[in-house]
Amino acid sequence: MSVILYGYRYSVYTRIVRMALSYKEIAYRYVEMDPFSDEIAPDHSNLHPFGRVPVIRNNDFVLYETTAITRYLDDISAPQMLSPDSVEAKARMVQIISITDSYGYVPMVRQVFAHRVFRPIEGDQPDESVIAAGKNTSRNVCDALEKLVGDDAFLVGANISHADLHLGAMMAYFCATPEGRDVLEHCPRLKRWWQRMADHAVLRDSDPGLPNA
Ligand SMILES: N[C@@H](CCC(=O)N[C@@H](CS)C(=O)NCC(=O)O)C(=O)O
């Protein structure tokens with residue numbers, strides 16, 4: 001196995017792959033590729049037709065799309081699996097990932113976090129109307145997730161799964177904002193899960209920090 005991860009330090013999707021690699025104890029080389037840069041590396045479009053990250057390469061096998069990557073990593077390295085055995089738990093896991101991608105990423109990360117935290121660091125003004133809209137949509141997302149969280153330690157069972165990595169990466173940014181913490185106050189089960197997840201080594205060790213002002 002000779003794995004290379006092409007990613008961007010502050011990307012939540014790159015972080016999900018990093019967490020999967022760490023959990024699966026797969027050694028890899030990391031190549032930084034900023035998809036937001038004006039100067040896109042010539043290699044980038046060969047690797048990802050939509051100019052995004054992450055992408056992985058394992059020998060000659062190149063793969064993009066985070067859920068495909070993390071499933072692949074899970075399959076090529078035993079023994080700790082990131083998918084539960086039960087059919088229902090697996091379906092719930094896929095559902096949570098899909099909700100996170102389809103409805104959560106933009107409001108939680110691109111609207112609330114990016115405007116409240118990233119823009120000021122980069123010397124740009126946050127757009128309060130974007131933050132307010134993002135918070136509003138995120139509330140619906142968290143309310144929906146709240147109904148899916150059970151009594152187990154993790155989202156779909158006693159062990160950490162792909163769903164925990166996926167939502168965990170987004171929640172880390174969302175809860176770095178007062179808006180995110182406020183939304184979570186109204187979702188006690190999700191908040192309990194997040195407190196446990198935030199303390200998990202796999203999440204803590206993948207923290208990219210923030211850029212210098
Ligand atoms: N569906 C893709 C989404 C990846 C994605 O949106 N990555 C962001 C960084 S977190 C990106 O590359 N954005 C660049 C852009 O939007 O131009 C996946 O699951 O990997």
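In what follows, residues are counted from 1 in the order of the sequence shown. Every number for a ligand or one of its atoms is a count from 1 in the order of the listing. Keep in mind it's a predicted model, so treat the numbers as computed, not measured.
Contact annotation: the side chain of Tyr64 never approaches that of Arg52 to less than 4.5 Å [non-hydrogen atoms, C-beta and beyond]. A 4.5 Å side-chain heavy-atom check between Thr137 and Met108 finds every atom pair outside the cut-off. A heavy-atom distance below 4.5 Å is not found between the side chains of Lys135 and Pro107.
Applying the ring pair (Phe, Tyr, Trp, His ring centres under 6.0 Å) test to pairs two or more places apart or on separate chains, those with a residue in residues 65-95 are Phe61-Tyr72.
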Name each N or O atom in ligand 1 that is under 3.5 Å from a protein N or O, and give the partner atom and the distance.
| residue | atom | partner | partner atom | Å |
| --- | --- | --- | --- | --- |
| ligand 1 | 1 (N) | Glu65 | OE1 | 2.8 |
| ligand 1 | 1 (N) | Glu65 | OE2 | 3.3 |
| ligand 1 | 6 (O) | Arg52 | NH1 | 2.8 |
| ligand 1 | 7 (N) | Val53 | O | 2.9 |
| ligand 1 | 12 (O) | Val53 | N | 3.0 |
| ligand 1 | 19 (O) | Thr66 | N | 3.2 |
| ligand 1 | 19 (O) | Thr66 | OG1 | 3.3 |
| ligand 1 | 20 (O) | Thr66 | N | 3.0 |
| ligand 1 | 20 (O) | Thr66 | OG1 | 2.8 |

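Between Arg139 and Glu146 no salt bridge is recorded (no basic side-chain N to carboxylate O distance below 4.0 Å).
Taking the six-membered ring wherever Trp is involved, the centroid distance between the rings of Tyr30 and Tyr28 does not fall below 6.0 Å.
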